[in-house]
Amino acid sequence: MTKLNQIIAVEKGVKSKSLQDINAAHAKVQKPALLAGISRTYQPKDEEGEQLPPESTRVQVQAEDVLREVSATLTRLFDVTATKDWANCQARADVTVDGRTIVADVPVSYLLFLEKQLAELHGFVKKLPTLDAAESWALDPSTDWWKTDAVRTIRTKKVPRNHVKAEATEKHPAQVEVYYEDVPIGYWTTVKFSGALPARRVNELVDRVEKLQQAVKFAREEANGTEVTDKRVGEAVFGYLFG
């Protein structure tokens, strides 16, 4: 029996060949000279007249032949696509992580949707903000925020001071240099808050997404292993169209 993954494997090649064949057929019927033929003979007016050989051009392309070629190549494409689409309606698998079934009996089309969404979610989760590792954080039940321990720091004020470099004399005034001294005038008590996540939480979320991604891929491969029944749609379609 043919399996769905085998049909999927050949579908791209069949599509490509069909496109090439259709383009070639279209090119043929768009050249009037290839469809035209002629045959003519010459007879002089009297026996003494000039004798000329007959001339002929054969028809190189016959439209009915082109239709048969198109029908043949598209019949294969229609049959392969029908076989895949009919099988997709039946191909299903469970998404299972660590022995736990997350979603049961999932069709292939939805598994493909899940794969795409989980890839985007993976990028989102990996970029979630994390708490500053340089701080020590604890969850505050009253706000549901993370917060640090209170840190007390001194507030200072610069106060000018005079430094006498040289005492005054009868001839010279004193040489005084002004400098500023930091003098404590109070205290700041600081508590930092954050709505970010602990790194371990982000890592846990990333791990869950990656496990689910692998489970979905495995389920898709399992579903694509479903045996298929070959469909014969093309013959009926083109039997009506070109018959």
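- Panel note: side chain D94, backbone T96; no donor-acceptor pair is recorded below 3.5 Å.
- With sequence neighbours excluded, the residues that form a ring-ring contact (aromatic ring centres under 6.0 Å, His included) with F238 are F78, F242.
- Considering only heavy atoms from C-beta on, E135 comes within 4.5 Å of W137 through its side chain.
- Side-chain contact between L112 and R220 is present, with heavy atoms from C-beta onward closer than 4.5 Å.
- Contact check for N162 versus E177: no side-chain heavy atoms found under the 4.5 Å cut-off.
- Here the options are V10, I7, V108, V228, the test is side chain to side chain contact (heavy atoms under 4.5 Å, CB included), and the partner is K84; only I7 passes.
- A pairwise comparison of heavy atoms in L205 and V125 identifies CB-CG1, 3.6 Å as the closest pair.
- Looking at K28 and E69, their side chains come closer than 4.5 Å, going by heavy atoms from C-beta outward.
- Side-chain contact check for L114 versus Q117: every heavy-atom pair is 4.5 Å or farther apart.
- Between the D207 side chain and the N203 main chain, no donor and acceptor come within less than 3.5 Å of each other.
- Within the 4.5 Å cutoff, no side-chain heavy atoms of N224 are placed close to those of K3.
- Counting heavy atoms from C-beta outward, D21 and V70 have side chains that stay 4.5 Å or more apart.
- With hydrogens and angles ignored, the 3.5 Å screen pairs a side-chain donor or acceptor of S18 with a backbone N or O of V14.
- In this structure a side-chain-to-backbone donor-acceptor pair under 3.5 Å is present from T148 to K192.
- With D140 contributing its side chain and W146 its backbone, the two residues share no donor-acceptor pair below 3.5 Å.
- Side chain of S16 to backbone of K12: no donor-acceptor contact under 3.5 angstrom is found.
- A donor-acceptor pair is defined here as one N or O able to donate and one able to accept, closer than 3.5 Å; such a pair exists between the side chain of D79 and the backbone of V233.
- Of all heavy-atom pairs between I154 and P184, the closest is CG2-CB, 3.8 Å.
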